[in-house]
Amino acid sequence: MINLRDILYVRLGTRDLEGAQKFCTEIVGLQAVERTADRLYLKSSASHHAVCYFQGEPGDHTVAFDIKDWSQLGAALAQLQSAGVPCGQGTAEEAADRHVEAFIWFNDPTGNRIEIVARPHDAGKRYFPSRDAGITGLGHVGLCTTDPARDQAFWLQHFNAMVSDWIGPCPLLRVNPRHHQMALFASQRKGIQHINFQVAEIDDIMKSWYFLQSQDIRIVFGPGRHPTSGGNFVYFEGHDEVIFEYSNSDRHIVGDLENYRPRQFPLHPTSFCMWGSKPDIAEFRD
Ligand SMILES: O=C(O)c1cccc(O)c1O
Ligand SMILES: [Fe+2]
């Protein structure tokens, strides 16, 4: 069993680092912390970065989690290797590029690249954005899966992942008390389906909704409220067509875990929004 602590960062390929920087700082409200010829690092909390864009293929996506006990990184690699999962150890150079002490990588059954990190670097500085979107940190990713049941079984077998709720066949998975750090959405492709940043309160959602409209940003869902996590949300289309979500889903699953049962919601718009907003997002349609 590999014990993960939380989602840590995402890595996204792009052919336009300049455009990514402009969108993420001026619209999303992330803080650019480092920029080289082929890298852009953006942060949303005290952690060194939440997003790294690299010069490469759009659609080349990685999601990283940090491991609870960093001394178990070698054991985690051994477990994945013996299970025949495509995996490997990151080099010192690759670890430096990620601002972590060490990491391993593997592919989930859909082919999504996942990294497991030991001792990620703290920035030593506060997050200080140029646009106040109310962001409190990276919340979760929606990850595409070509077979939700298969990939759910994979995550439950090898990791401390637990199902918080299902929408149709798609599980919302947690590795800590926060309702979910990852959601698997059925798709024909692999990659990140959306990137969620948590914001402090509903006012931040509504202020952003007006702001995004004033900037002619395409709103793809919301404002609304998820019956699953209880979060208020708004989704919009970003650089390279990657979807971003702001939400304030503060539901924690604590207490009598033995008797907790994930709730099954039908694959229907009302399961995504209890206010009646309809998603313009392929993976959220029934
Ligand atoms: O927060 C949620 O519960 C949620 C539900 C469906 C889809 C999402 O992206 C979510 O974040
Ligand atoms: Fe989400």
Side-chain angles (χ1 to χ4, degrees), residues 1-13 38-39 41 43 45 47-54 56-57 59-123 137-164 171-178 180-184 189-193 195:
M1 174 72 78
I2 303 169
N3 281 300
L4 303 176
R5 195 190 63 87
D6 209 346
I7 186 169
L8 187 63
Y9 61 71
V10 297
R11 291 172 69 83
L12 309 164
D38 59 357
R39 294 283 186 278
Y41 300 87
K43 77 184 202 134
S45 71
S47 181
H48 178 270
H49 67 279
V51 180
C52 173
Y53 280 95
F54 58 92
E57 280 296 302
D60 183 354
H61 295 162
T62 294
V63 182
F65 296 86
D66 64 341
I67 193 165
K68 256 184 210 163
D69 177 352
W70 57 263
S71 72
Q72 295 303 304
L73 197 62
L77 183 60
Q79 178 182 328
L80 293 168
Q81 268 164 349
S82 69
V85 177
C87 60
Q89 168 99 48
T91 65
E93 197 184 338
E94 289 168 333
D97 181 37
R98 286 155 178 76
H99 295 264
V100 305
E101 289 299 299
F103 78 100
I104 62 172
W105 63 268
F106 67 90
N107 289 339
D108 78 359
T110 287
N112 290 303
R113 181 179 163 110
I114 313 291
E115 295 178 352
I116 305 178
V117 165
R119 298 157 79 191
H121 293 178
D122 196 278
L138 181 60
H140 62 262
V141 291
L143 202 57
C144 290
T145 169
T146 51
D147 185 339
R150 177 198 62 199
D151 290 4
Q152 175 190 308
F154 171 82
W155 281 100
L156 265 54
Q157 180 191 346
H158 291 293
F159 301 90
N160 58 326
M162 284 175 290
V163 179
S164 290
L172 306 175
L173 297 169
R174 72 182 187 281
V175 294
N176 63 45
R178 265 195 322 112
H180 60 287
Q181 291 76 47
M182 179 172 40
L184 304 177
R189 65 174 177 104
K190 63 177 179 176
I192 289 174
Q193 186 263 346
I195 302 172

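In this chain, residues are counted from 1 in sequence order. In this text, all values refer to a predicted model and were calculated from it rather than measured experimentally.
Residues W105 and T62 are not in side-chain contact: their nearest non-hydrogen atoms beyond the backbone lie 4.5 Å or more apart. Counting heavy atoms from C-beta outward, I114 and F159 have side chains that stay 4.5 Å or more apart. W155 is listed as a side-chain neighbour of L4, based on a closest heavy-atom distance under 4.5 Å. With contacts defined as side-chain heavy-atom distances shorter than 4.5 Å, the pair L184/L173 qualifies. Counting only heavy atoms from C-beta outward, the side chains of S47 and L8 approach each other to under 4.5 Å. A heavy-atom distance below 4.5 Å is not found between the side chains of V141 and H61. Counting heavy atoms from C-beta outward, Q181 and F65 have side chains that approach closer than 4.5 Å. Side-chain contact between V63 and I192 is present, with at least one heavy-atom pair separated by less than 4.5 Å.
Between A183 and L172, the shortest heavy-atom distance links the atoms CB-CD2, 3.2 Å. Considering every non-hydrogen atom in both A76 and I67, the closest pair reads CB-CD1, 4.2 Å. D147 approaches T145 most closely through the heavy-atom pair N-OG1, 3.0 Å. The heavy-atom pair separating F103 from R113 by the smallest distance is CE1-NH2, 3.9 Å. Nearest heavy-atom pair across A123 and K43 is CB-NZ, 3.4 Å. Across all non-hydrogen atoms, the minimal contact from H140 to H180 is CE1-NE2, 3.2 Å.
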Could you check L77 against C87 for side chain to side chain contact (heavy atoms under 4.5 Å, CB included), going step by step and ending with a plain yes or no?
CA-CA 7 Å; L77 183 60; C87 60; 3.7 Å; yes

Under the side chain to side chain contact (heavy atoms under 4.5 Å, CB included) rule, what do R39 and R11 come out as? Steps first, then yes or no, please.
CA-CA 10 Å; R39 294 283 186 278; R11 291 172 69 83; 4.0 Å; yes

What's the verdict on side chain to side chain contact (heavy atoms under 4.5 Å, CB included) for I104 and L73, showing C-alpha distance, side-chain angles and the deciding distance?
CA-CA 7 Å; I104 62 172; L73 197 62; 3.9 Å; yes

Test side chain to side chain contact (heavy atoms under 4.5 Å, CB included) applied to D151 and L143, step by step
CA-CA 10 Å; D151 290 4; L143 202 57; over 6 Å; no

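From R178, atom CZ reaches atom CG of D6 across 5.0 Å, with rounding to the nearest 0.5 Å. Put simply, NE2 on H158 and CG on L80 are 6.5 Å apart, with the number rounded to the nearest 0.5 Å. Rounded to the nearest 0.5 angstrom, F54 CZ and L12 CG are separated by 7.5 Å. Here NZ of K68 is found 9.5 Å from CZ of R5. Values are rounded to the nearest 0.5 Å. To the nearest 0.5 Å, atom CZ of residue F106 and atom CZ of residue F154 are 4.5 Å apart. Atoms CD and CD, on Q79 and Q81 in that order, are 11.0 Å from each other to the nearest 0.5 Å.
Taking the six-membered ring where the residue is Trp, the centroids of H99 and Y41 are separated by under 6.0 Å.
A side-chain donor-acceptor contact under 3.5 Å links N160 to the backbone of V175. Side-chain N or O atoms of T146 include none that pairs as donor or acceptor with a backbone N or O of T110 at under 3.5 Å.
In summary, of the residues considered (H49, H121, E115), a side chain to side chain donor-acceptor pair (under 3.5 Å) with R98 occurs for E115 alone.
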